[in-house]
Amino acid sequence: MWFKVSELSPKPNFLQEISANGVELVLTNVQGKLYCFENRCPHEEVRLSLGCIKNKKIQCALHGYSFNLETGWSSEENLERLIIYQVKRENAEIFIEMEDC
Ligand code: FES
């Protein structure tokens, strides 16, 4: 199910906190492409919106581990995968795809 989350794209590399369907998320714009992921580091559950974008990865502010924005995987072993959501633009509005609870 697609949820409308915004009418504006975030500025490049800005980590915009949003929520949809009761889940805290981050929406970001990297080189013109929109990405959305859960606002919770798989390592120790710190908000990833406190981190920064580097080389199409989100880097956590606490221990510096980073997660690929396309796959959710980290280069660190033994870390859970970051939950990534599909994003689409339609008539200047932004939607993400999530399971309906
Ligand atoms: S809490 Fe995010 S890398 Fe440790």
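As the structure is a computational prediction, the values presented were derived from the model and not from experiment. We count residues from 1, following the sequence as given. In each ligand, atom 1 is the first atom listed, and ligand 1 is the first ligand listed. The basis for the numbers below is simple: all heavy atoms, side chains too, and nothing from hydrogens, waters or symmetry mates.
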- request: Give, for atom CG of Leu82 and atom CD of Glu38, the distance between the pair rounded to the nearest 0.5 Å.
  value: 7.5 Å
- request: May I ask you to check whether Tyr35 and Glu70 show a side-chain donor-acceptor distance below 3.5 Å?
  value: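 Per modelled atom types, Tyr35 and Glu70 side chains form a pair under 3.5 Å.
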task: Report the protein N/O/S neighbours of atom 2 (Fe) of ligand 1 that fall below 2.8 Å; do not count waters.
output: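 Within the sphere that stays under 2.8 Å of atom 2 (Fe) of ligand 1, the protein atoms of type N, O or S are Cys41 SG, Cys60 SG.
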Any donor-acceptor pair under 3.5 Å linking the side chain of [X] with the backbone of [Y]?
X	Y	result
Glu45	Arg40	no
Asn21	Glu99	yes
Ser66	Ile58	no

The single option from Leu27, Leu25, Asn39 passing side chain to side chain contact (heavy atoms under 4.5 Å, CB included) against Glu17: Asn39
